[in-house]
Structure formats: structure tokens, C-alpha cells
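To find a chain, count down the sequence lines: A is the first, B the second, and so on, and within it residues start at 1.
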There are 2 protein chains.
Amino acid sequence: MRANLHASVADRLGGVGSRYTPGRRLVVEVLEEVGRPIEVEEILAVRPDLAQSSVYRNLVVLERADVVHRVVTGDGVGRFELSEGLTEHHHHAICSVCGSIRDITVPPRLERDLQRIVRELGRRIAFSTASHRIDLMGTCSDCARPDPGRP
Amino acid sequence: MRANLHASVADRLGGVGSRYTPGRRLVVEVLEEVGRPIEVEEILAVRPDLAQSSVYRNLVVLERADVVHRVVTGDGVGRFELSEGLTEHHHHAICSVCGSIRDITVPPRLERDLQRIVRELGRRIAFSTASHRIDLMGTCSDCARPDPGRP
DNA sequence: CTCAGTGCAAAGGATTTGCATGCCG
DNA sequence: CGGCATGCAAATCCTTTGCACTGAG
């Protein structure tokens with residue numbers, strides 16, 4: 001399924017009149033490897049050869065082509081992941097302490113229920129729903145651990 | 001239920017050792033009147049007498065006291081609303097075109113299903129879930145309307 | 001008197017943009 | 001060639017912070 005990813009990406013980019021350039025491929029590869037929503041800073045840390053502005057610009061293009069998806073948490077910093085269809089459908093557990101995001105996949109049975117609920121909601125409010133997102137907000141295991149620095 | 005709001009707010013503020021000052025009350029009143037998540041800019045537009053920095057600072061305090069809740073959408077601009085318990089439990093329909101957020105309340109039957117799903121998810125991943133959030137992402141009716149500016 | 005709260009202006013950090021250059025179709 | 005893509009640096013935007021002042025307890 002790996003080879004297929006880049007084909008799909010190229011395809012979606014073509015759909016909006018953009019090319020799949022080396023720089024964009026590097027970004028996609030980083031997102032694929034990391035497998036969770038990450039900040040631009042993290043992308044640059046992995047690939048210092050990329051120009052910051054190009055990464056930002058490419059993320060805009062990739063987002064418009066629906067290759068990546070932007071997630072924003074309470075800390076106001078944008079984080080990016082591969083879009084639905086390029087990865088498994090999933091949701092997020094967002095830590096309100098450190099802002100980290102963990103992907104969670106929902107068991108099929110529950111996911112089916114979710115789909116039903118979301119569909120019904122969209123119908124009720126005449127809102128053209130492209131996708132849904134369930135975020136659990138709370139405290140991740142790291143931050144839940146009692147702080148050794150303060151008794 | 002209106003008088004009760006400010007009592008609750010004062011209470012929650014007291015809980016974190018802060019006072020319910022006039023400036024904070026104004027912010028809360030704006031949020032109450034508007035009834036949907038709004039940006040600082042919008043708060044200042046309604047109450048130009050408030051100092052920008054004070055609004056930001058007070059929102060931090062109000063957030064820590066769990067009086068307001070920060071919602072961040074794809075555009076990276078923070079929006080604020082009154083917290084759960086001060087308003088009805090609700091979710092959001094986020095327009096991916098203009099970034100606007102519309103509150104939606106979920107019928108009790110569906111909400112009950114949601115609660116069950118969320119609870120089960122949290123249990124599965126050992127994540128201490130404080131709250132959940134269901135966002136519908138799509139296009140609001142305003143943005144869905146064909147753009148008159150471009151044939 | 002003391003300390004949280006306020007206002008103004010300046011700083012900060014993430015993201016965007018202007019401009020010249022490089023490169024694919 | 002023409003236009004998208006890139007890099008660098010400067011600009012912009014939202015948000016935070018420093019500092020002096022005010023007010024409540």
C-alpha cells in the first residue's frame with residue numbers, strides 16, 4: 001500500500017493543478033513515517049534541507065489538494081497529518097496539558113454508530129458535512145504522571 | 001438562569017483565586033450574548049472600551065477557571081465560548097471555507113450514544129478523558145451559496 | 001500597604017508574502 | 001519560453017509580556 005500512497009498524492013495534486021515535486025514528496029514522507037499530526041518545526045527538524053517557507057507553502061497546496069489535514073489544538077500551533085483516504089480513518093486524543101495528539105482508531109462497531117450519528121446531525125442542520133472529527137480532550141499518560149518537580 | 005451564570009462564574013474564578021472584575025464580566029457578557037465561539041477581535045469590536053491585552057489576559061484566567069473554553073479552527077485564530085456547565089452541552093459545525101463555527105446541540109438519544117462511545121474509547125486507550133468534542137467539518141450555507149463574484 | 005488587575009507599547013512566535021532565481025512541461 | 005516551485009529575508013498577524021499605575025481588601 002506504500003507505493004499507492006504517492007500515486008494517490010500525485011493524483012490529488014494533479015486534481016488541483018499542482019505538481020508532486022521533490023519537496024512535497026519529502027513532506028509527505030515525513031508525515032507518513034511519523035504517523036501522527038506534527039508541527040512544521042518537527043518537519044524541519046527531520047529534514048533541515050527543506051526551506052521553512054516552502055514547507056508552509058507546500059502544506060497550503062497539499063491541504064487544498066486534500067493530501068494533508070491541519071489539526072489545531074489549544075496551543076494555537078498547527079499540526080499536520082495525511083488526510084482521510086490516505087491513512088486509516090481515525091480520531092484524536094488531545095492532551096490539554098502538553099498539546100500532544102495521539103491517533104486513535106475506533107472499533108468498527110462504534111465507528112458505524114458514529115457515522116450514523118454524524119449523518120443524522122448534518123441532516124438536521126442543513127450543513128454540508130465533509131467529514132467529522134471526534135476529539136477526546138484530557139490528560140495523556142505522560143502528563144497524568146505526578147510531577148516530580150512539585151511535591 | 002441568567003443571574004445564576006454570573007454567580008457560577010464568580011464561583012469558578014474564586015476557585016482559582018481570582019476575582020470577578022468588571023472587565024471579566026464584560027467579556028463573559030459578550031460571550032453569553034453572542035452564544036457562539038468568537039475571536040478576541042470580535043469581543044473588542046463589541047466592547048471597544050476594553051484593552052486588547054486585558055482581554056487576552058482575562059481569557060487566560062477565565063480559561064484556567066474553566067469559565068471559557070478555547071476553540072481553534074483551521075485558520076489558527078483562537079475563538080472563545082462559555083464552558084460546559086455554563087451553557088448547554090453542544091458540539092460544532094466548522095466551515096472549512098470561512099472558519100466560522102456554529103453550535104449544534106445533539107438530541108438526547110444521539111448524545112447518549114455519543115457518551116457511550118466516548119466512554120468506551122477512553123477506556124480502551126487508557127486516556128483520562130475530561131471532555132469530548134464532535135466537530136462536523138464542511139461548508140456552511142453561506143459559503144455553499146455560489147459565489148456571485150465569480151461566474 | 002499589598003497584590004491582583006489594567007492599559008499601553010513593545011516583544012515574540014508562527015505563518016505569510018515579495019522578489020529573484022530555478023526548473024519542468 | 002511560460003508558469004509553477006523554491007529560497008531567502010522581510011513583513012504580518014495573533015498573542016504574550018514588561019512596566020508603571022490603579023483599585024480593592
Side-chain angles (χ1 to χ4, degrees), chain A residues 6 9-30 37-65 67-81 98-101, chain B residues 6 9-30 37-45 47-65 67-80 98-101:
Chain A
H6 297 293
V9 171
D11 210 55
R12 296 190 184 196
L13 279 170
V16 298
S18 300
R19 281 179 283 147
Y20 196 20
T21 64
R24 288 168 190 175
R25 183 170 176 129
L26 284 174
V27 169
V28 168
E29 283 173 351
V30 171
I38 59 175
E39 314 172 20
V40 168
E41 193 182 337
E42 297 181 75
I43 297 176
L44 292 171
V46 179
R47 306 246 55 134
D49 47 319
L50 291 174
Q52 186 196 50
S53 63
S54 296
V55 171
Y56 275 108
R57 258 195 283 240
N58 283 332
L59 284 170
V60 171
V61 173
L62 290 169
E63 197 178 12
R64 187 167 50 216
V67 169
V68 305
H69 170 67
R70 181 192 301 234
V71 189
V72 195
T73 61
D75 62 7
V77 181
R79 291 179 172 78
F80 298 84
E81 66 181 345
C98 66
S100 70
I101 306 174
Chain B
H6 295 295
V9 171
D11 210 56
R12 296 190 183 196
L13 279 171
V16 299
S18 298
R19 283 180 283 151
Y20 197 19
T21 64
R24 289 169 190 174
R25 184 170 174 125
L26 285 173
V27 170
V28 168
E29 283 173 350
V30 171
I38 58 175
E39 314 173 22
V40 168
E41 193 181 337
E42 296 181 76
I43 297 175
L44 293 171
R47 306 245 57 132
D49 46 320
L50 291 173
Q52 186 196 48
S53 63
S54 296
V55 171
Y56 275 109
R57 259 195 282 241
N58 282 332
L59 285 170
V60 171
V61 174
L62 291 168
E63 195 179 12
R64 189 168 48 218
V67 169
V68 306
H69 170 67
R70 181 193 301 239
V71 190
V72 194
T73 60
D75 61 9
V77 181
R79 291 180 171 80
F80 297 84
C98 67
S100 71
I101 305 176

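- Atom CG of B:Asp75 and atom P of C:dT15 are 12 Å apart (whole Å).
- Of all the heavy atoms in B:Arg24 and B:Ser18, the pair that sits closest is NH1-CB, 3.7 Å.
- Atoms CG (B:Leu44) and P (D:dC13) sit 16 Å apart, rounded to a whole Å.
- Between the P atom of C:dA4 and the CG atom of B:Leu13 lies a distance of 15 Å, rounded to the nearest Å.
- One atom, CD of A:Glu39, and another, C1' of C:dG13, lie 12 Å apart when rounded to the nearest Å.
- Counting only heavy atoms from C-beta outward, the side chains of B:Tyr20 and B:Val28 approach each other to under 4.5 Å.
- Look at A:Tyr56 and you'll find a side-chain N or O under 4.0 angstrom from OP1 or OP2 of C:dT15.
- Counting to the nearest Å, the P atom of C:dA14 and the CD atom of A:Glu41 are 6 Å from each other.
- Whole-Å rounding puts the A:Arg70 CZ to C:dT16 C1' distance at 11 Å.
- Taking CD of A:Glu63 as the reference point, atom NE2 of A:His69 lies at 8.0 Å (rounded to 0.5 Å).
- C:dG5 atom P lies 10 Å from atom CG of B:Leu62, rounded to whole Å.
- The environment of B:Glu41 atom CD is sparse: at most 12 non-hydrogen atoms of other residues, nucleotides or ligands sit within 6.0 angstrom.
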Practice prompt. Using a 4.0 Å heavy-atom cut-off, write out nucleotides 4-11 of chain D from 5' to 3' as B (base contacted by protein), S (sugar-phosphate only) or - (no contact).
Written response: BSSBBB--

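- Heavy atoms of A:Gly76 sit nowhere under 4.0 angstrom from any nucleic acid atom.
- Between B:Ala65 and B:Leu13, the closest heavy-atom pair is CB-CD2, 3.8 Å.
- Contact between A:Ile38 and A:Val30 at its shortest, heavy atoms only, is CD1-CG1, 3.8 Å.
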